[in-house]
Amino acid sequence: MASISLANSRASQLNNLDSCSSMAELKQRHACIVKLGLSSDNDAMGRVIKFCSLSKSADLDYALKVFDTLPRPDAFIYNTIFRGYLQEHMYRRCIVLYAKMLDSFVTPNKFSFPPVIRACCVDLAVKEGKQVHAQVIKFGFGQDSFCQNNLIHMYVNFDSLEEGRRVFDNLEKKDDVSWTTLISGYSSQGFVGEALGIFESLPVKNSAAWNAVIAAFVQNNRFHEAISLFNRMRNENVSIDKFVAASMLSACTGLGALKQGEWIHDYINSSGIEVDAKLATTIIDMYCKCGCVDKALELFNGLSCKGISSWNCMIGGLAMHGKGKAAIDLFKKMEAATARPDYITFVNVLTACAHSGLVEEGRYYFSYMTEAYGIVPGIEHYGCFVDLLGRAGLLVEARKVIDDMPVRADAGVLGALLGACRIHGNIDMAEEIGKQVIELDPNNSGRYVLLANLYAKAGRWEEVANIRKLMNDRGVKKVAGFSIVELEGSVNEFIAGGRTHPQATEIYAKVEEMLGCIKDLGYVPDSDGLVYDVSEEEMENPLHYHSEKLAIAFSLLKSKHGETIRITKNLRVCKDCHRASKLISKAFDREIIVRDRNRFHHFKGGLCSCNDYW
Ligand code: ZN
Ligand code: ZN
């Protein structure tokens, strides 16, 4: 009788341990079972350790204290602590404990390896990781997909794609995770072709695999291919989940393909895909970057729960569109909603000030971020601040900010000042800054062109030739300028002077007509530009065949009257195209929205939202 009641009481005590709701309660029950003489019992203590390591109210130190009292902890207990360490990001200690486990002759089981491999992976412990791999095989888990998938991921993270591939190839029963891990691995290192090859060899392609390969193209900025894969996926009737939807929204954002983005958004709404904070932010970002800042704002205002990234995204969106005052108002609302701004928030607030010429506000927020929130300005904040002061013509002050920076100015910060020198024609400062920028960013053609431009304006042709020579000697390639316009469900790409579009003849005729119309409004092709101010767009191409002019002509041909024209361009808009776009918006009574490398230009009635500072 006595032994039965003891057994009952032991069982109920153990069950009690599993149902604890707080550390205080656990400590009490722990004391009870110690009194029952169970302080060396692995089953009982394993439950205590599990609660302390992994529950919501985890207290890993307590778990470790209990662990240290155990004479012979078993594999289950070791595994629990491994996971506890991972949860606390204590990767090195996880690896050390694993070594101790082996030293104590405790045999690891299949649940021991995944956390240890993950620890090696994150800690970039290459040597230890390889040893663990050998032990996985030694202990007989060479075909355990859970262990093997973790190994694939580890090798990918070590940049050892070949090793990862070998593990994958040796695995007889590959599951979804094996395939997607390898696809993402190749993609993360830019080998999109290989990622696609692996995907194609997958016998049954489910949505996880589709998502991995679509995400691979999106991450590598190959948006067109991502969209065609997506269309293939739809044709094969694979269901679209929130991950695919998010990847596709990013592809549309990259291309500025509003119609397709709207389609995805409608699809999300109608198919009942759960819109979490992250997806909501992706949708808002898509509308911002496809030029529909009002729609973005409407969605943002409708969010029941606004996370920091939603606030940042919306403030940044308003900034890009030159709506500086609105961005600052939103920032104030954010503070009022007791959402704590972070580093990125202030980058966006300062960008807003810079794009709208709000000098006083910019000065204020530049010091406010430290005073109110203790955020020390980083290189991005300095970049925005210098940009702001420079654009406003305060070149000397901007220069002083750079000189007083606690960190060394990078090409971004100096480039902002160089850009300001261009706007305000300060050749002396430009020369000095330009040389530094070129040395800091020697492969960026835009830096050379900008300086050459300034020399050209000053008539210093010898220096212009020197810069060209320097570019040639260093083999610096100019980035080809292109503009994208989405019409009738397809994405059309134009390059300067390109004639590959099926309707090229019509388009070029329209360009001539367009330019004829705006000449009546006083358009004179920029003569400076004809010589040099063509920014990075192919210098050999006459100004009137720059990619955005072709894209505008095409849109005028193909879209209905009154429809807004939306163009995405990879480079900065040149001076001549900017002036022409303003006049075209007036002559043809069309709103034209151009997203260039840095910001949005809303051309309407002969004016631009950037007030000619860009
Ligand atoms: Zn141009
Ligand atoms: Zn503009």
Side-chain angles (χ1 to χ4, degrees), residues 256 288-289 291 293 317-324 351-352 354-358 387-388 391-392 419-420 422-423 445-446 449-450 452-453 456-457 478-485 493-498 507-508 510-512 514-515 518-519 523-555 564-586 590-614:
C288 283
K289 297 211 174 106
V293 70
L318 290 166
M320 258 187 303
H321 285 271
K323 294 178 182 277
T351 304
H355 281 332
S356 301
L358 302 171
D387 191 27
L388 167 69
R391 277 169 202 273
R422 177 188 64 88
I423 296 172
S445 60
V449 175
L450 199 60
N453 234 319
K457 259 192 198 145
K478 275 177 293 195
V479 181
F482 63 81
S483 293
I484 293 172
V485 63
E493 195 170 306
F494 296 92
I495 58 162
I507 295 167
Y508 277 83
K510 189 74 186 174
V511 172
E512 298 309 328
M514 231 166 56
L515 296 180
I518 59 173
K519 266 183 196 138
Y523 170 74
V524 188
D526 191 335
S527 57
D528 279 352
L530 276 175
V531 183
Y532 228 94
D533 190 21
V534 287
S535 185
E536 292 155 77
E537 197 106 43
E538 287 300 309
M539 294 177 200
E540 293 73 20
N541 285 296
L543 289 167
H544 39 287
Y545 297 138
H546 275 182
S547 60
E548 61 266 58
K549 291 207 185 82
L550 300 178
I552 293 174
F554 175 71
S555 308
T564 301
I565 296 174
R566 294 167 199 279
I567 292 167
T568 300
K569 182 172 163 93
N570 66 329
L571 301 175
R572 196 177 68 86
V573 176
C574 86
K575 208 169 154 186
D576 183 73
C577 287
H578 195 266
R579 190 158 49 197
S581 303
K582 284 197 290 187
L583 293 171
I584 294 165
S585 76
K586 190 173 180 186
R590 282 293 190 105
E591 196 173 341
I592 304 172
I593 301 179
V594 178
R595 172 175 122 193
D596 78 0
R597 190 174 51 199
N598 301 324
R599 62 167 299 145
F600 276 90
H601 302 268
H602 291 246
F603 299 102
K604 197 180 171 183
L607 299 171
C608 181
S609 62
C610 74
N611 293 320
D612 299 341
Y613 283 105
W614 79 98

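Both counts, for ligands and for their atoms, begin at 1 and track the order of listing.
In terms of heavy atoms, H546 sits closest to A496 at CA-CB, 4.2 Å. Here the shortest heavy-atom pairing between C288 and H321 reads O-NE2, 2.8 Å.
For R590, the salt bridge (charged side-chain N to carboxylate O under 4.0 Å, His left out) test picks out no residue, with sequence neighbours left out.
Counting only distances under 2.8 Å, and ignoring water, the protein N, O or S atoms around the Zn ion (ligand 2) are H578 NE2, H601 ND1, C608 SG, C610 SG.
Between the N570 side chain and the F482 main chain, a donor and an acceptor come within less than 3.5 Å of each other.
In H546, the N, O or S atom that comes nearest to the Zn ion (ligand 1) is ND1.
Other residues, nucleotides and ligands contribute only 12 or fewer heavy atoms inside 6.0 Å of the NZ atom of K323.
Remark: of the listed residues K575, K582, R579, K582 is the sole one forming a salt bridge (charged side-chain N to carboxylate O under 4.0 Å, His left out) with D612.
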